[in-house]
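Comments concern the structure below.
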Amino acid sequence: MSGKTVTVAEGGGVGIGLRQPHYEAMLRDRPGLGFVEVHSENFFADGGAALALLRVAREQWPLSLHGVGLSLGSAAGLDDWHLDRLARLVARIEPVRVSDHASFARAPRHAGAAPVHANDLLPVAFTEAALDIMVANVQRVQERLQRPILVENLSAYLHWADDAMDEPEFFNRLARRSGCGLLLDLNNLVVNALNEGVDEVAAACAWVDRVAPDIVGEVHLAGYHDAGDIVIDDHGSRVRGNVWQVYRHALQRLGPRPTLIEWDTALPELAVLLDEAARARQCQHDALPVAA
């Protein structure tokens, strides 16, 4: 799929994560949503109740698979077992989108050793060498899945001293070379700016302005935790006002994009998630041009 840029369909649609505490209410009430998202790795097993539930959900809503374990930035390459399991899940569910992160988690402890997998999303350097690695890994995933994927920007708590390009340029070039798209996490942009001690709304909006609009395939909105000396991307609260400001700017710049309310810890009642989704839909509606 080298050299083929993903085509991003215009249009919005707002989704929420399909999480275990809400399974019963979701399948009973069947709220009107643009899509639902699940974490890919939670459904890798063959058969069982989890996969059966996913198939039922797929009959009601478009389903997005969001992964945390591909380690697309790993110089040690991809894990064959993980990629095979993901490919099986994609074939079974036929999701509307597949995504993972611009991170690495696999590396050998010393030269010549087998890679080990860290349970974290570690940031890659924004260098030519790191870009080459990620392009190769993304292309391998896409060839195996027979579809483009989306790659998400990280909330990162450190930077590499040898960074040679800014993050939007890295994603623009990754998309052009591999054919993937960008999963634009606006909360991550705000968290990174807050930890850098700069104006978070201005910095995040400037980031959005530098990315090529045609590569953005989905947007994530979430809450964060301000611990005083550090801001943590914990997905455990309502979307903050500054993130909503950046979202409205992104809609003006990019037009409507499928948008996920991402809430993974301290899960609230389903009604709270649906209220956040309704607010995102209203933002999309407000951003639409008025007919003459």
Side-chain angles (χ1 to χ4, degrees), residues 17 37-42 44 64-83 85-86 97-109 115-142 144-145 148-175 177-178 180-193 195-196 204 207 211 215-220 222 224 230-235 260 262 264-265:
E37 180 226 72
V38 298
H39 290 155
S40 306
E41 290 82 2
N42 291 340
F44 276 3
S64 177
L65 293 177
H66 186 51
V68 296
L70 273 175
S71 192
L72 293 170
S74 174
L78 303 174
D79 179 83
D80 292 335
W81 181 91
H82 191 286
L83 182 54
R85 286 289 166 173
L86 178 60
R97 286 178 295 281
V98 179
S99 58
D100 209 293
H101 298 77
S103 64
F104 78 94
R106 300 182 75 241
R109 291 183 182 274
V116 295
H117 194 99
N119 187 27
D120 207 345
L121 300 172
L122 303 173
V124 299
F126 299 130
T127 63
E128 295 290 344
L131 180 61
D132 289 344
I133 289 166
M134 192 166 291
V135 167
N137 287 338
V138 167
Q139 287 178 334
R140 183 182 169 202
V141 172
Q142 293 180 149
R144 182 73 173 83
L145 302 184
I149 65 170
L150 302 179
V151 182
E152 179 182 340
N153 57 292
L154 285 189
S155 56
Y157 303 100
L158 57 85
H159 298 284
W160 295 93
D162 56 347
D163 283 351
M165 66 187 84
D166 65 21
E167 193 173 22
E169 180 186 356
F170 186 89
F171 278 102
N172 287 339
R173 293 176 63 183
L174 173 65
R177 288 179 57 186
S178 72
C180 76
L182 168 65
L183 196 168
L184 176 58
D185 191 311
L186 298 179
N187 186 64
N188 288 351
L189 299 183
V190 168
V191 166
N192 290 346
N195 284 327
E196 291 168 9
W207 200 109
V211 77
I215 72 171
V216 179
E218 186 177 326
V219 171
H220 275 190
Y224 59 78
I230 191 171
V231 178
I232 301 169
D233 173 43
D234 67 345
H235 303 170
L260 179 79
E262 194 172 26
D264 298 316
T265 63

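Contacts classified as salt bridge (Lys or Arg N to Asp or Glu O under 4.0 Å) and involving residues 125-141 (residues at least two apart or in different chains) are given here: Asp80-Arg140, Glu128-Arg173, Asp132-Arg177.
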- request: Determine, step by step, whether Ile149 and Leu72 satisfy the side chain to side chain contact (heavy atoms under 4.5 Å, CB included) criterion, reporting the C-alpha distance in whole Å, the side-chain angles of both residues, the deciding distance to 0.1 Å, and the verdict.
  value: CA-CA 11 Å; Ile149 65 170; Leu72 293 170; 4.2 Å; yes

message: Evaluate Asn192 against Glu167 for side-chain hydrogen bond (donor to acceptor under 3.5 Å, both in side chains), listing each step before the verdict.
response: CA-CA 12 Å; Asn192 290 346; Glu167 193 173 22; 4.6 Å; no

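A heavy-atom distance below 4.5 Å is found between the side chains of Leu184 and Asn153. Looking at heavy atoms from C-beta onward, His220 lies out of side-chain contact with Asn187 at the 4.5 angstrom threshold. You'll find the side chain of Ser103 stays beyond 4.5 Å of the side chain of Leu122, heavy atoms only. Under the 4.5 Å side-chain criterion, counting only non-hydrogen atoms from C-beta, Asn188 is in contact with Asp233. Put simply, the side chain of Gln142 reaches to within 4.5 Å of the side chain of Pro148, judged on heavy atoms. Side-chain contact between Trp207 and Asp166 is absent, with no heavy-atom pair separated by less than 4.5 Å. The side-chain heavy atoms of Val151 and His101, taken from C-beta on, include no pair separated by under 4.5 Å. Using a 4.5 Å heavy-atom threshold, the side chains of Val211 and Leu182 count as touching.
Interatomic distance, Tyr224 OH to Ile232 CD1, rounded to the nearest 0.5 Å: 12.5 Å. We find the OG-CD distance between Ser99 and Glu218 to be 6.0 Å, quoted to the nearest 0.5 Å. Rounding to the nearest 0.5 angstrom, the gap separating the CG atom in Leu86 from the CG atom in Leu70 is 5.5 Å. Between atom CE of residue Met134 and atom CG of residue Leu174 there is a gap of 6.5 Å, rounded to the nearest 0.5 Å.
For the residue pair Ala125 and Ala130, the shortest heavy atom distance occurs at O-CB, 2.9 Å. Across every non-hydrogen atom of Asn137 and Gly77, the tightest pair is OD1-CA, 4.1 Å. Smallest separation of non-hydrogen atoms from Gly17 and Leu260: N-CD1, 3.8 Å. Between Gly217 and Leu150, the shortest heavy-atom contact is C-CD1, 3.9 Å. Considering all non-hydrogen atoms of both residues, Thr127 and Phe170 come closest at O-CE1, 4.1 Å. When every heavy atom of Asp100 is checked against every heavy atom of Gly67, the shortest pair comes out as OD2-C, 3.1 Å.
Between the side chain of Asp163 and the main chain of Met165, no donor-acceptor pair closer than 3.5 Å is present. No donor-acceptor pair closer than 3.5 Å links the side chain of Asn195 to the backbone N or O of Ile230. Side-chain atoms of Glu37 never come within 3.5 Å of backbone atoms of Leu65 as a donor-acceptor pair (strictly under, hydrogens ignored).
For the residue pair His82 / Glu41, a side-chain donor-acceptor distance below 3.5 Å is found, with atom types taken as modelled. Thr265 and His235 share no side-chain donor-acceptor pair at under 3.5 Å.
Contacts of Glu196 classified as salt bridge (charged side-chain N to carboxylate O under 4.0 Å, His left out), with partners at least two apart in sequence or in another chain: none.
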